[in-house]
There are 4 protein chains.
Amino acid sequence: MKPIEDVSRRKLLIAGSALIGCAAMPARLVRAQSASRGAALPELVEFERLVAANRILANEDVVDAFGHVSIRDPRDPERFVMSRSRSPAFVEHDDLMEFDLEGNAIDGRGRRPYGERMIHAAVYAARADVNSVVHHHAYGVLPFTITDAPLTPVVHTASVIGSEIPVWDIRDSYGDTDMLVRTIEQGRNLAAALGDNTCLLMRGHGAVVTAENIKRAVLTSVYLQVNADILLRAEEIGRPVPLSAGEISRSAETQFSPLAVDRTWEYFCLRAGVDPV
Amino acid sequence: MKPIEDVSRRKLLIAGSALIGCAAMPARLVRAQSASRGAALPELVEFERLVAANRILANEDVVDAFGHVSIRDPRDPERFVMSRSRSPAFVEHDDLMEFDLEGNAIDGRGRRPYGERMIHAAVYAARADVNSVVHHHAYGVLPFTITDAPLTPVVHTASVIGSEIPVWDIRDSYGDTDMLVRTIEQGRNLAAALGDNTCLLMRGHGAVVTAENIKRAVLTSVYLQVNADILLRAEEIGRPVPLSAGEISRSAETQFSPLAVDRTWEYFCLRAGVDPV
Amino acid sequence: MKPIEDVSRRKLLIAGSALIGCAAMPARLVRAQSASRGAALPELVEFERLVAANRILANEDVVDAFGHVSIRDPRDPERFVMSRSRSPAFVEHDDLMEFDLEGNAIDGRGRRPYGERMIHAAVYAARADVNSVVHHHAYGVLPFTITDAPLTPVVHTASVIGSEIPVWDIRDSYGDTDMLVRTIEQGRNLAAALGDNTCLLMRGHGAVVTAENIKRAVLTSVYLQVNADILLRAEEIGRPVPLSAGEISRSAETQFSPLAVDRTWEYFCLRAGVDPV
Amino acid sequence: MKPIEDVSRRKLLIAGSALIGCAAMPARLVRAQSASRGAALPELVEFERLVAANRILANEDVVDAFGHVSIRDPRDPERFVMSRSRSPAFVEHDDLMEFDLEGNAIDGRGRRPYGERMIHAAVYAARADVNSVVHHHAYGVLPFTITDAPLTPVVHTASVIGSEIPVWDIRDSYGDTDMLVRTIEQGRNLAAALGDNTCLLMRGHGAVVTAENIKRAVLTSVYLQVNADILLRAEEIGRPVPLSAGEISRSAETQFSPLAVDRTWEYFCLRAGVDPV
């Protein structure tokens with residue numbers, strides 16, 4: 001935990017460089033401008049949050065050099081937005097790119113997209129209820145992708161990960177690959193395995209986390225890792241008692257209440273040195 | 001461990017914002033003022049310590065976005081004081097709220113209280129010897145809430161956690177819930193399970209730590225986690241030898257001596273960047 | 001993760017002291033100067049990267065007070081370059097020394113070389129495809145040097161460590177020693193055990209990592225440790241599924257693509273506070 | 001790992017407060033002054049190193065609020081020097097106190113000594129070869145104090161801990177106590193159990209580390225913990241192979257060579273933000 005006064009200093013520095021919101025500017029006007037000139041995405045608060053989410057996920061050790069987070073475009077549900085290929089720790093507003101639901105860049109301007117954007121494209125296409133997706137390789141979660149020990153929620157803060165977390169193995173449908181989800185077809189295969197669940201594990205690779213909004217996606221990603229750590233440690237001393245189905249659904253509702261989501265978002269933002277927008 | 005000169009810098013910064021004590025001002029006078037105007041709580045040293053305790057518990061990874069610490073009001077034993085609903089890392093004096101022993105806010109001024117303040121209310125009502133309560137979800141402790149491995153003190157610095165730590169399961173009396181202690185009735189049920197012990201574990205949720213004063217409560221919370229980590233690791237290599245009952249009581253007396261409490265408090269405060277008041 | 005603005009501050013500081021590149025200066029000219037005067041090595045970008053690699057490996061906890069990294073001299077394949085005997089965290093350009101492939105210093109200027117430079121000398125002599133070597137004692141890797149549990153790649157980012165990692169025991173050929181590789185003969189013995197593999201473990205001591213270039217050597221060293229941590233944790237909850245041979249080779253190709261190597265290099269450099277050259 | 005430029009800043013700050021050496025001043029003269037006036041200890045380089053050792057042990061997580069380090073007085077072998085009762089992270093020159101070999105303060109000036117100074121007194125009395133003693137509760141070491149798993153050196157950097165590490169249980173001779181070594185008699189009992197070994201574990205309490213000089217004592221304390229961590233993790237995946245007796249003695253000789261000790265000392269000092277004197 002960094003002390004609060006360091007956070008203040010950081011906020012100033014960041015405010016001076018990357019995270020200046022412009023929510024006051026009408027989104028439609030901004031959009032028209034950018035469309036007519038092929039310019040960067042407008043500075044909507046949703047995009048500011050997307051930049052913040054990148055920094056948070058890096059700061060909480062959910063992502064390292066790899067991993068990415070996206071949102072469904074608030075201006076067009078048939079599109080989504082994520083950074084160009086870059087480590088999340090360093091993502092800035094100008095790195096953001098827009099894609100259609102088959103993973104094609106709308107206005108690439110020569111920037112290199114993430115190779116695995118198809119995960120996001122396919123999930124947004126399959127799940128109208130999902131507006132944010134995280135793909136990561138959190139080290140605490142990875143042991144559960146390579147063993148048959150189920151990653152069940154055992155603490156109430158992690159109830160948001162849901163009662164079922166399927167494990168998808170790319171080898172089952174595609175044989176030996178480089179393990180990456182490179183085509184929209186592979187993305188759809190993954191999305192089918194995800195079904196109506198919130199999270200999915202990828203064997204020997206990582207996880208996919210989905211949510212109704214980006215704050216929930218970040219919260220769920222962090223506590224997926226927390227739960228994995230606690231469960232693994234509990235396995236060393238006994239037979240862990242999981243939450244019941246009723247506890248999971250009721251507790252998830254509480255954890256996703258505005259009160260809990262806002263408190264968590266403020267916490268994650270200040271720790272990462274970004275403004276809690 | 002942060003180096004000592006960083007700490008000095010932090011102290012200055014904090015002194016300029018939140019932690020200015022005013023122990024020289026007569027408490028009764030201050031209280032009359034605040035009572036007549038419905039203003040914030042007076043700046044007593046006890047409240048300054050409560051703010052410091054919030055920062056320490058965050059800095060030592062006992063709490064994250066969630067968890068809270070309270071004290072019995074030094075001016076009125078039928079009341080207690082804790083922050084409004086906020087991550088402990090960021091609590092300041094103005095966040096403090098006063099409650100009666102049924103959990104009702106005395107002077108809420110529109111601030112949102114913690115949902116689980118009933119834990120504190122019920123413990124203060126049941127235990128006249130308790131003047132500070134911590135509720136937390138320390139990750140190192142949580143494995144012991146979901147297995148039947150007893151969390152026994154195995155190192156002398158952790159003797160303060162006491163020889164018996166009951167595990168309370170909200171499901172036993174209330175069936176499927178969102179796992180939170182939301183009513184004073186549930187709080188009393190928990191307090192009954194706590195009995196005369198110092199600590200209590202809550203299945204799939206966290207822990208409650210009680211103490212005669214806030215310094216002891218912080219000390220006990222930190223070493224509860226230290227003991228849990230050491231015990232869990234010891235289980236991996238053999239059969240751990242616990243402290244005997246006599247060792248626990250004698251060692252706890254030493255750990256709670258002014259010498260040890262003050263040394264620990266200075267240590268925790270300087271690490272967290274707050275003035276050791 | 002340090003926040004990005006801290007990184008900027010550090011870059012400035014370092015630019016003012018140690019890491020000023022001079023890639024614009026013709027290497028041949030610089031070399032002639034240094035050869036005629038017995039001066040320090042020229043400031044080639046390759047040497048700047050070598051200094052950066054030292055800092056990165058320290059920052060990522062791959063090395064501590066001990067461990068070292070070298071490159072084959074870009075100006076002469078029969079020589080290699082590494083720091084004088086110093087903890088990698090503090091290495092600067094002027095610490096760099098040049099050696100022939102039997103480990104003799106070319107222009108020592110009284111500086112003390114690493115005792116184990118023979119590891120590097122022998123590997124460069126035996127493996128024309130290797131242009132960078134890391135020797136380290138990463139704590140996460142060491143358990144696999146003293147048990148017969150094979151260190152197999154189980155996650156795709158670690159595919160670069162290769163499918164076979166031999167364990168070399170100095171005792172097999174040399175009986176009781178101080179465990180260090182002190183002679184070129186011992187280095188050759190180690191290099192023979194390495195064979196065509198990328199990594200080698202040394203019983204009760206550490207590891208050797210080889211690569212075609214320094215960026216790959218750093219990437220492989222970091223993910224060797226990540227894989228070891230994940231594999232060890234997976235062993236606690238089940239029977240880990242390894243990557244298949246086909247997955248290892250295809251995934252390693254992807255991880256060693258310029259896109260992935262550059263993203264990782266930027267990430268490691270900024271975290272360590274050095275310019276991503 | 002903190003980056004090197006931060007270290008420079010820290011050194012300046014510390015130079016301005018606590019760690020100004022005065023090796024140029026004749027020790028005998030300084031001593032006469034302090035003896036005649038009952039003033040603080042002179043600013044010998046040995047005392048400067050003792051202050052540095054306190055900071056290092058805190059920075060490397062060997063000690064927390066508790067634990068202490070001492071040296072035999074370089075001016076009088078029948079005396080030893082350690083801080084007054086204070087967390088090692090904050091020790092400054094003026095905290096240093098001198099004791100005779102029965103633990104009596106020479107010039108206390110009202111300062112409170114550590115309760116467990118008898119450990120140091122008795123070890124110096126029993127072991128003429130020992131000039132520095134560390135007592136600590138390093139969390140990684142504690143599991144080995146409460147199980148019968150032997151803490152054997154398994155990696156060469158930890159060979160300095162020695163082949164035999166006895167476990168002393170205060171209960172064997174003194175029944176139920178507060179676990180602290182409070183009397184010189186108890187200290188002698190512990191020293192007898194230590195015998196000619198370098199380290200000793202205290203059941204449910206901590207460890208004692210001895211060395212010929214303070215740099216070696218710090219090095220040994222750190223690697224005792226490193227070895228404990230690695231050994232414990234190795235136990236999870238197999239049956240660890242220990243170093244042989246010959247490897248331990250030869251490797252310890254290398255680790256205690258001036259080259260290795262100085263490199264390690266520089267490393268620990270710069271990480272802790274103190275001048276490597």
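By convention in this document, chain letters (A, B, ...) are assigned in the order of the sequence lines, proteins followed by strands, and residues within each chain are numbered from 1. Just so we're clear, the structure is a prediction, and the values are computed from it rather than from any experiment. Quick note: numbers below take in every heavy atom, side chains included, and nothing from hydrogens, waters or symmetry partners.
- The most heavy-atom pairs under 4.5 Å with chain A, out of B:Gly115, B:Gly206, B:Gly175, B:Pro143, come from B:Pro143.
- With a 4.5 angstrom heavy-atom cutoff, A:Ser249 does not touch chain B via any of its atoms.
- For the set B:Asp148, B:Asp178, B:Thr145, B:Thr177, the entry with the most heavy-atom pairs within less than 4.5 Å of chain A is B:Asp178.
- Only the side chain of A:Val226 has a heavy atom closer than 4.5 Å to any heavy atom of chain B.
- Checking B:Ser85 against A:Arg263 by side-chain atom types alone, a donor-acceptor pair falls below 3.5 Å.
- With a 4.5 angstrom heavy-atom cutoff, B:Leu180 touches chain A only via side-chain atoms.
- Heavy atoms closer than 4.5 Å to chain A are found in the side chain of B:Arg182, but not in its backbone.
- Neither the backbone nor the side chain of A:Pro153 comes within contact range of chain B, judged by heavy atoms closer than 4.5 Å.
- Ranking B:Glu235, B:Met202, B:Glu236, B:Arg171 against chain A, the residue ahead of the rest is B:Arg171, based on heavy-atom pairs under 4.5 Å.
- Counting only N and O atoms by type, the side chains of B:Asp169 and B:Tyr174 include no donor and acceptor under 3.5 Å apart.
- For A:Arg216 and A:Phe256, the positive end sits near the middle of the six-membered ring, less than 6.0 Å away and at most 45° from its axis.
- There is no side-chain donor-acceptor pair under 3.5 Å between B:His93 and B:Glu48.
- Note: A:Ile237 leads A:Val241, A:Thr254, A:Ile237 in heavy-atom pairs under 4.5 Å with chain B.
- Using cut-offs of 30° and 60° on the angle between ring planes, the pair B:His205 and A:His156 is tilted.
- B:His136 and B:His68 form no side-chain donor-acceptor contact under 3.5 Å, judged by distance and modelled atom types alone.
- Defined by atom type and a distance below 3.5 Å, a donor-acceptor pair is missing between the side-chain atoms of B:Thr264 and B:Tyr223.
- Side-chain contact check for A:Tyr139 and A:Asp64: at least one donor-acceptor pair (N or O, by modelled atom type) lies under 3.5 Å.
- For the set A:Ala158, A:Ala234, A:Ala252, A:Ala245, the count of heavy-atom pairs under 4.5 angstrom toward chain B peaks at A:Ala234.
- Using a 4.5 Å cut-off between heavy atoms, A:Glu253 makes no contact with chain B at all.
- At a 4.5 Å heavy-atom cutoff, the contact between A:Leu259 and chain B is made by side-chain atoms alone.
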